[in-house]
Protein chains: 2
Amino acid sequence: MRYSHQRERIFRAVSERCDHPTANMVYEQLKVEMPRLSLGTVYRNLNQLADAGRLKKIPLADGSCRFDKTKESHSHIVCDECGAVSDVHLPSFESFEQAIESETGYELRTYDVVLRGVCKDCRACMDQQAG
Amino acid sequence: MRYSHQRERIFRAVSERCDHPTANMVYEQLKVEMPRLSLGTVYRNLNQLADAGRLKKIPLADGSCRFDKTKESHSHIVCDECGAVSDVHLPSFESFEQAIESETGYELRTYDVVLRGVCKDCRACMDQQAG
DNA sequence: ATAAATAACAGTAATAGTTACTATGTAGGA
DNA sequence: TCCTACATAGTAACTATTACTGTTATTTAT
Ligand SMILES: [Mn+2]
Ligand SMILES: [Mn+2]
Ligand SMILES: [Zn+2]
Ligand SMILES: [Zn+2]
C-alpha cells in the first residue's frame, strides 16, 4: 500500500478520537482543512486501513459503521438515545468460546458484541424531563 | 392492531421456520401462494409484529435484518461463508449485566450478541476444496 | 344489512449508507 | 525525467429499508 497524504490524515483522525467515528464524521472533521477531500475517499481508505489491520471496523446493527483505533477484540455499548458508542470490557468472554464451538459445531472467528442502553448523560436528561 | 390476512400469513411463515428469515425470504416464500403480496407489506408487518412482541427482530452487522419466532433474549451465530443464522446459548451472560452497568454508567436495555464463524457444512466444503 | 370511518394494502418513489465507475492526478521506481 | 500503477475527486449506482399515494378491506355505527 503506497503512501497517500489523505490516508494518513484519515488514519490520524480516527486515532486521535475516542468516539468511534463513522466515515461521515471523519469526513466532516477533515473537510474543513482539506476542502477537496471526498466522502468516497474517506470510505475507501477507512476500509483499506481496516483490511490492513491499522484500524478496526465495527459494523453496527443500524446499518452504519464505526471505526476504532483499538484493534484488539473488545465489546461496545451504544446509547439508544444519543447514539454514542463506548468501549466496554466483558470479563472472560473468551472462556465461552470452547463451549460455543462444541455446542454449535461452528469454528468461531470473531464476535462483535454490541450492547445497547442509555448513557449517563441521556438518563439525566430524561429524568429532568420526566420530573 | 386490526386483523389482516397478510399479517397472519407473514407471522405464520416466520413461526414455522427455524432459519431466522429476512423480510425478502418471507416475501419469496409467500408470493407463490399470494401473488399480489408486496415486499413493503412484508417489511411493515414484520416490524409491527416485532413492535407488538409477537416476533423478535435481529438486526445484523451487515445491515440486513432477521426475524425470529423465539422472543426470549438469546444470542446468534452467523456463518461467514453461507450466511446461515443459528441460535446459540451463552451461559450466564446475564451475570455480566450488573458489572457492565456500574463500569459504564449505562442503563442496559438489550444486548444482541452476534458471533461469527464457519458452520460445520461450510467447513467440510472448505476442507474438501483444500484437499 | 348498509354505510361510514379508518387501518391495511399494492405499487412506487424516496432515503441512507455505502460501493463502483471514470477521468485526472500523483507517488515512487527505472 | 518519464513511466506506470495506484490514488484521487466527483458522480452514478447499489441494497436494504421506509415513506408516500391512491385503492381495498376490516371494523364500527346506523
Ligand atoms: Mn472500541
Ligand atoms: Mn434465534
Ligand atoms: Zn446518550
Ligand atoms: Zn455455512
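Since we're looking at a predicted model, the values are computed, not measured.
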**Asked** Sub-3.5 Å donor-acceptor pair from the side chain of B/Glu101 to the main-chain atoms of B/Leu108, do we have one?
**Response** yes
**Request:** Grab the CD1-C1' distance between B/Ile10 and C/dA8 for me, whole Å please.
**Result:** 11 Å
**Request:** Would you mind classifying the nucleic acid contact of B/Tyr3 as base, sugar-phosphate or nothing, using non-hydrogen atoms under 4.0 angstrom?
**Result:** sugar-phosphate
**Message:** Rounded to whole Å, how long is the line connecting atom OH of B/Tyr27 with atom P of D/dA16?
**Reply:** 14 Å
**Asked** To the nearest Å, how far apart are B/Leu37 CG and C/dC9 P?
**Response** 9 Å
**Request:** Report the nucleotide, chosen from C/dT19, D/dT8, D/dA16, that has the shortest atom-to-atom distance to any side-chain atom of A/Asn47.
**Result:** C/dT19
**Asked** Starting at the 5' end of DNA chain D, which residue's closest nucleotide do you reach first, B/Thr22 or A/Gln6?
**Response** A/Gln6
**Prompt:** What does B/Asn24 touch in the nucleic acid at a heavy-atom separation under 4.0 angstrom: a base, only the sugar-phosphate, or nothing?
**Reply:** nothing
**Request:** Verify the contact: side-chain N or O of A/Ser4 to OP1 or OP2 of D/dT8, cut-off strictly under 4.0 Å; return yes or no.
**Result:** yes
**Item:** A/Leu60 CG to D/dA16 P, straight-line distance once rounded to whole Å
**Value:** 18 Å
**Fill in**
Whole-Å distance, B/Glu28 CD to D/dA16 C1', equals 14 Å
**Request:** Could you tell me whether A/Glu16 atom CD has more than 12 heavy atoms of other residues or ligands within 6.0 Å of it?
**Result:** yes
**Message:** Without decimals, in angstroms, what is the distance between A/Leu46 CG and C/dT18 P?
**Reply:** 10 Å
**Asked** So what does A/Arg2 hit on the nucleic acid, given a heavy-atom distance under 4.0 Å: a base, only sugar-phosphate, or nothing?
**Response** base
**Item:** In one Ile/Leu/Val/Met/Phe/Trp/Tyr side-chain cluster, 4.5 Å: B/Val78, B/Met126
**Value:** no
**Message:** Can you list, in residue-number order, the parts of residues 48-59 of chain B that come under 4.0 Å of DNA chain C, counting heavy atoms only?
**Reply:** none
**Request:** Just do the side chain to side chain contact (heavy atoms under 4.5 Å, CB included) check on A/Arg7 and A/Met1 with the steps written out, would you?
**Result:** CA-CA 10 Å; A/Arg7 181 154 48 236; A/Met1 192 196 282; 3.2 Å; yes
**Message:** Just by distance, no angles: are the side chains of A/Ser15 and A/Arg12 close enough, under 3.5 Å, to form a donor-acceptor pair?
**Reply:** no
**Message:** Taking 4.0 Å as the cut-off, does a side-chain nitrogen or oxygen of A/Tyr43 come that near to OP1 or OP2 on C/dT19?
**Reply:** no
**Asked** Hey, does the side chain of A/Thr41 come within less than 4.0 Å of D/dA9's phosphate (OP1/OP2), counting only N and O?
**Response** yes
**Message:** In whole Å, I'd like the distance from the CG atom of A/Leu39 to the P atom of D/dA12.
**Reply:** 15 Å
**Request:** Among D/dT8, C/dG17, C/dG11, find the nucleotide with the atom closest to the side chain of A/Ser64.
**Result:** C/dG17
**Item:** C/dC9 OP1/OP2 closer than 4.0 Å to side-chain N/O of B/Arg44
**Value:** yes
**Prompt:** Can any side-chain N or O of B/Arg66 pair as donor or acceptor with the backbone N or O of B/His20 at less than 3.5 Å?
**Reply:** yes
**Prompt:** Rounded to the Å, how far apart are B/Arg7 CZ and C/dA7 P?
**Reply:** 12 Å
**Prompt:** According to a 4.5 Å side-chain heavy-atom criterion applied to Ile, Leu, Val, Met, Phe, Trp and Tyr, with indirect links allowed, do A/Leu46 and A/Ile58 form part of one hydrophobic cluster?
**Reply:** no
